[in-house]
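To start, the structure under review is shown below, and the notes come after it.
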Amino acid sequence: MDFNGSDTIPGPRTEDQLPHTAQAAAKIVIVGGFGVGKTTMVGSVSEITPLTTEETMTQAGIGVDDNFGSASKTATTVAMDFGRISITDQLVLYLFGTPGQQRFWFLWNGLFEGALGAVVLVDTRRLEVSFDVMGRLEERGVPFVVAINSFPDAPRYDLEELRTALDLTPDIPIIECDARRRASSRDVLMTLMRFLHSLAMTGSLT
Ligand SMILES: Nc1nc2c(ncn2[C@@H]2O[C@H](COP(=O)(O)OP(=O)(O)O)[C@@H](O)[C@H]2O)c(=O)[nH]1
Ligand SMILES: [Mg+2]
């Protein structure tokens, strides 16, 4: 048998390969209610083609999936989004976008396993959809930052008003973002990394 052709078996695409300088990797989860922009954020910031398990919303989801505020949304994430970003030459983040719908909560235990931190995406038109998510992160001891995804027709609040409305302690960073913009999504991740660093420095990271 002729194996001469075996060296032509395609390896990983160059853009998907980890930079050779990478020394550490961390798992980060992007959570939030339905339609807050999780898939958009993982897609805008990922340096590899994001893996998304989107499924066209079916009749069965009507009335179950609260579609308020994103009427044009016809796909929903059923399991998760996955992406990767090199924050520095040495540090690589693996991003997991997790569904906010209550009927997928059974998936969460596995998804939070080993997560260093989380980004909670919030839509100011529907603050209440984020309460459960934040409660669950607190229960599991996963530190998080809150990113307000600025939809054009969403009411704008002062960040401190939002802190009160979301019942967040003063130490938890809150920032505004546009999940569609790579630089903005990257800023959110940098804020999370700085927050995790400060927790580690004060010994509060478990
Ligand atoms: N104007 C605006 N639209 C956004 C933004 N982020 C997401 N969207 C739109 O909102 C809808 C829901 O976003 P998606 O990422 O699918 O939400 P997910 O359910 O949290 O994954 C999509 O139609 C996006 O194009 C944003 O920052 N600004
Ligand atoms: Mg999604």
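Remember, it's 1-based here, ligands and their atoms both numbered in the order they're listed.
Donor-acceptor pairing under 3.5 Å is recorded for the side chains of T39 and D81.
Under the ring pair (Phe, Tyr, Trp, His ring centres under 6.0 Å) criterion, F195 pairs with no residue, sequence neighbours left out.
The Mg ion (ligand 2) has an N, O or S atom of T39 under 2.8 Å away, backbone or side chain.
Counting heavy atoms from C-beta outward, L192 and F144 have side chains that stay 4.5 Å or more apart. A heavy-atom distance below 4.5 Å is found between the side chains of V42 and I30. The side-chain heavy atoms of R136 and V142, taken from C-beta on, include no pair separated by under 4.5 Å.
Within the structure, the salt bridge (Lys or Arg N to Asp or Glu O under 4.0 Å) test picks out the following pairs touching residues 167-176 (sequence neighbours left out): R156-E176.
Considering backbone and side-chain atoms together, V36 places an N or O closer than 3.5 Å to an N or O of ligand 1. The shortest N or O to N or O distance between G35 and ligand 1 is below 3.5 Å. Any N or O atom pair closer than 3.5 Å counts here, and G37 shares at least one such pair with ligand 1.
Of the candidates L121, T98, T40, the one placing a heavy atom closest to atom 7 (C) of ligand 1 is T40. Remark: among candidates V42, D153, N149, I148, the nearest residue to atom 6 (N) of ligand 1 is N149, based on non-hydrogen atoms. Heavy-atom proximity to atom 21 (O) of ligand 1, evaluated over I30, T39, D81, V31, is greatest for T39.
The proximity of S150 to ligand 1, defined as any non-hydrogen pair under 4.0 Å, is limited to the backbone. The parts of D178 lying near ligand 1 are both backbone and side chain, judged by heavy-atom distances below 4.0 Å.
In this structure, OG on S184 lies 5.5 Å from CG on D178, to the nearest 0.5 angstrom.
Near A179, meaning under 4.0 Å from one of its heavy atoms, ligand 1 places the atoms 6 (N), 27 (O).
A side chain to side chain contact (heavy atoms under 4.5 Å, CB included) with V119 holds for exactly one of V29, V145, V31; it is V145.
Using a 4.0 Å heavy-atom cutoff, P152 is listed among the residues neighbouring ligand 1.
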